[in-house]
K.L.:
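Following this message is one structure expressed as structure tokens.
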Amino acid sequence: MAAETPRVFVTRRLQQEVLDRLAALYRVDLWDSDMPPDYDSLRERAALADGVLCLLTDRIDAALLEAAPSLRVVSNMAVGTDNIDLAAATAGGIPVGNTPGVLTETTADYAFALLTSAARRIVEADAYVRAGQWQTWGPSVLLGRDLYGATLGIVGFGAIGQAVARRAQGFSMRVLYTRRSNAPAPPDLNAEPAELDRLLRESDFVSLHVPLTAETRHIIGERELALMKETAILVNTARGGVVDQDALVAALRRGRPAMAALDVTAVEPIDARDELLSLPNAVVTPHIASASVATRLLMANMAADNLAAGLEGSRLPNCANPDVYG
Ligand code: NAP
Ligand code: GLV
């Protein structure tokens with residue numbers, strides 16, 4: 001391969017077919033591990049690269065971008081880009097790719113799975129059976145909450161929020177939503193806009209689907225949790241930072257809201273001794289909402305497409321900082 005062949009840093013072991021695709025075109029510097037590079041290694045290897053294909057666990061900050069004089073594109077294998085300093089990338093003329101759309105349905109499936117498992121206490125029920133506690137069918141054993149006919153509040157009504165609303169129709173749920181803009185909901189979703197406070201007061205389930213930004217950090221804090229119904233269930237498949245986790249632990253201890261089902265936490269991975277994990281009314285999974293075989297392959301290929309476009313000097317098919325093009 002000629003010396004002028006672009007050099008790309010790929011920060012994790014990806015699906016082999018995607019790595020083969022990249023290796024056919026570029027000099028690939030692969031972080032050949034299932035664990036992320038530490039920040040210093042990330043910065044050193046990015047400094048030598050023309051393009052970086054990274055994951056949401058990689059912090060791409062201004063210092064890293066400044067130390068990478070040849071860098072022409074950063075391609076994130078995720079829709080969320082809160083791990084990347086987009087303003088610094090734009091200032092440096094570096095387009096940032098992300099992977100919207102291909103993970104929408106898979107993530108919405110998972111949000112609904114978390115909602116259902118919390119409402120019907122599936123995780124707890126499985127533990128109950130395994131612990132030999134199942135003695136008989138009982139009229140009051142492991143009673144949960146109905147989805148059918150309940151009110152679902154969706155915070156962030158973009159691609160995933162709307163896909164969750166579509167699923168809610170199958171359960172005859174009433175859907176309230178809040179979003180940043182006044183854009184109306186597609187009429188077939190039968191969803192009603194509501195201010196956040198009203199949504200929190202009236203919902204039996206609250207599902208979070210906003211990106212993590214300066215505006216959405218801790219959008220659900222002590223005050224907002226106190227507005228929720230005592231019987232309500234909070235579902236978070238967005239980002240841990242959207243919820244004030246200390247306030248959530250205190251609220252769950254008091255029993256309002258009744259439960260939380262979280263795919264994301266303030267710090268990832270969460271410490272196994274974290275107080276949150278000692279609560280019987282919390283379900284926590286390891287950031288896997290988009291983790292289906294098919295979707296992860298689509299995401300990796302979309303990230304490779306963005307990387308290729310950036311290296312060719314073409315507009316990225318999915319660009320998280322379109323201002324970079326002026
Ligand atoms: P999206 O289509 O861009 O939707 C984001 C929604 O959030 C939009 O409706 C937007 O409002 C709303 N929003 C943004 N800022 C807001 C604010 N300050 N207040 C209220 N609403 C606000 O994104 P998406 O594809 O649905 O993804 C959403 C997020 O889910 C991602 O950013 C990512 O962090 C997370 N995610 C997590 C997983 C996982 O594995 N757990 C998987 C995929 C995605 P407008 O519509 O008015 O602009
Ligand atoms: C996953 O969390 C994503 O943002 O794609």
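Hydrogens, waters and symmetry mates play no part in the numbers below; they use all other heavy atoms, side chains included. Please read all numbers here as calculations on a predicted model, not as lab measurements. In each ligand, atom 1 is the first atom listed, and ligand 1 is the first ligand listed.
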K.L.:
Do Tyr26 and Leu316 belong to the same hydrophobic cluster, where Ile, Leu, Val, Met, Phe, Trp and Tyr are linked whenever their side-chain heavy atoms lie under 4.5 Å apart, directly or via other members?
P.N.:
yes
K.L.:
Considering residues at least two apart in sequence or located in another chain, which fulfil the salt bridge (Lys or Arg N to Asp or Glu O under 4.0 Å) criterion with Arg130?
P.N.:
Asp126
K.L.:
Below 3.5 Å only, please: the N or O atoms of ligand 2 paired with protein N or O atoms, distance on each line.
P.N.:
unit_1, atom_1, unit_2, atom_2, d
ligand 2, 2 (O), Arg239, NH1, 2.7
ligand 2, 2 (O), Arg239, NH2, 3.4
ligand 2, 2 (O), His287, NE2, 2.6
ligand 2, 4 (O), Val79, N, 3.4
ligand 2, 4 (O), Gly80, N, 2.8
ligand 2, 4 (O), Arg239, NH2, 2.7
ligand 2, 5 (O), Val79, N, 2.8

K.L.:
What does the list of residues with a heavy atom under 4.0 Å from ligand 1 look like, ordered by chain and number?
P.N.:
Val79, Gly80, Leu103, Thr107, Gly156, Phe157, Gly158, Ala159, Ile160, Arg179, Arg180, Ser181, His209, Val210, Pro211, Glu215, Thr216, Thr237, Ala238, Arg239, Asp263, Val264, His287, Ala289, Ser290
K.L.:
Are Leu114 and Leu276 connected into the same hydrophobic cluster when the rule is that any two of I, L, V, M, F, W, Y join if their side-chain heavy atoms are below 4.5 Å apart?
P.N.:
no
K.L.:
Indicate whether the side chain of Thr81 and that of Asn76 have a donor and an acceptor atom separated by less than 3.5 Å.
P.N.:
no
K.L.:
Side chains of residues 51-67: which donor-acceptor partners sit under 3.5 Å, not counting sequence neighbours?
P.N.:
unit_1, atom_1, unit_2, atom_2, d
Thr57, OG1, Arg12, NH2, 2.6
Asp58, OD2, Thr11, OG1, 2.6
Asp58, OD2, Leu55, N, 2.8
Arg59, NH1, Asp61, OD2, 2.8
Asp61, OD1, Tyr39, OH, 2.7
Asp61, OD1, Ala63, N, 3.4
Asp61, OD1, Leu64, N, 2.9
Asp61, OD2, Tyr39, OH, 3.0

K.L.:
Could you report the tightest heavy-atom contact between Met259 and Ala118, atom names first, then the distance?
P.N.:
SD-O, 3.3 Å
K.L.:
Honestly curious: do Leu307 and Met299 fall in one hydrophobic cluster under the side-chain, below-4.5 Å linking rule?
P.N.:
yes
K.L.:
Can you classify the ring geometry of Tyr177 versus Phe157 as parallel (below 30°), tilted (30 to 60°) or perpendicular (above 60°)?
P.N.:
parallel
K.L.:
Show the numbers, then the answer: is there a salt bridge (Lys or Arg N to Asp or Glu O under 4.0 Å) between Glu105 and Arg167?
P.N.:
CA-CA 10 Å; Glu105 302 301 335; Arg167 282 155 180 74; 2.8 Å; yes
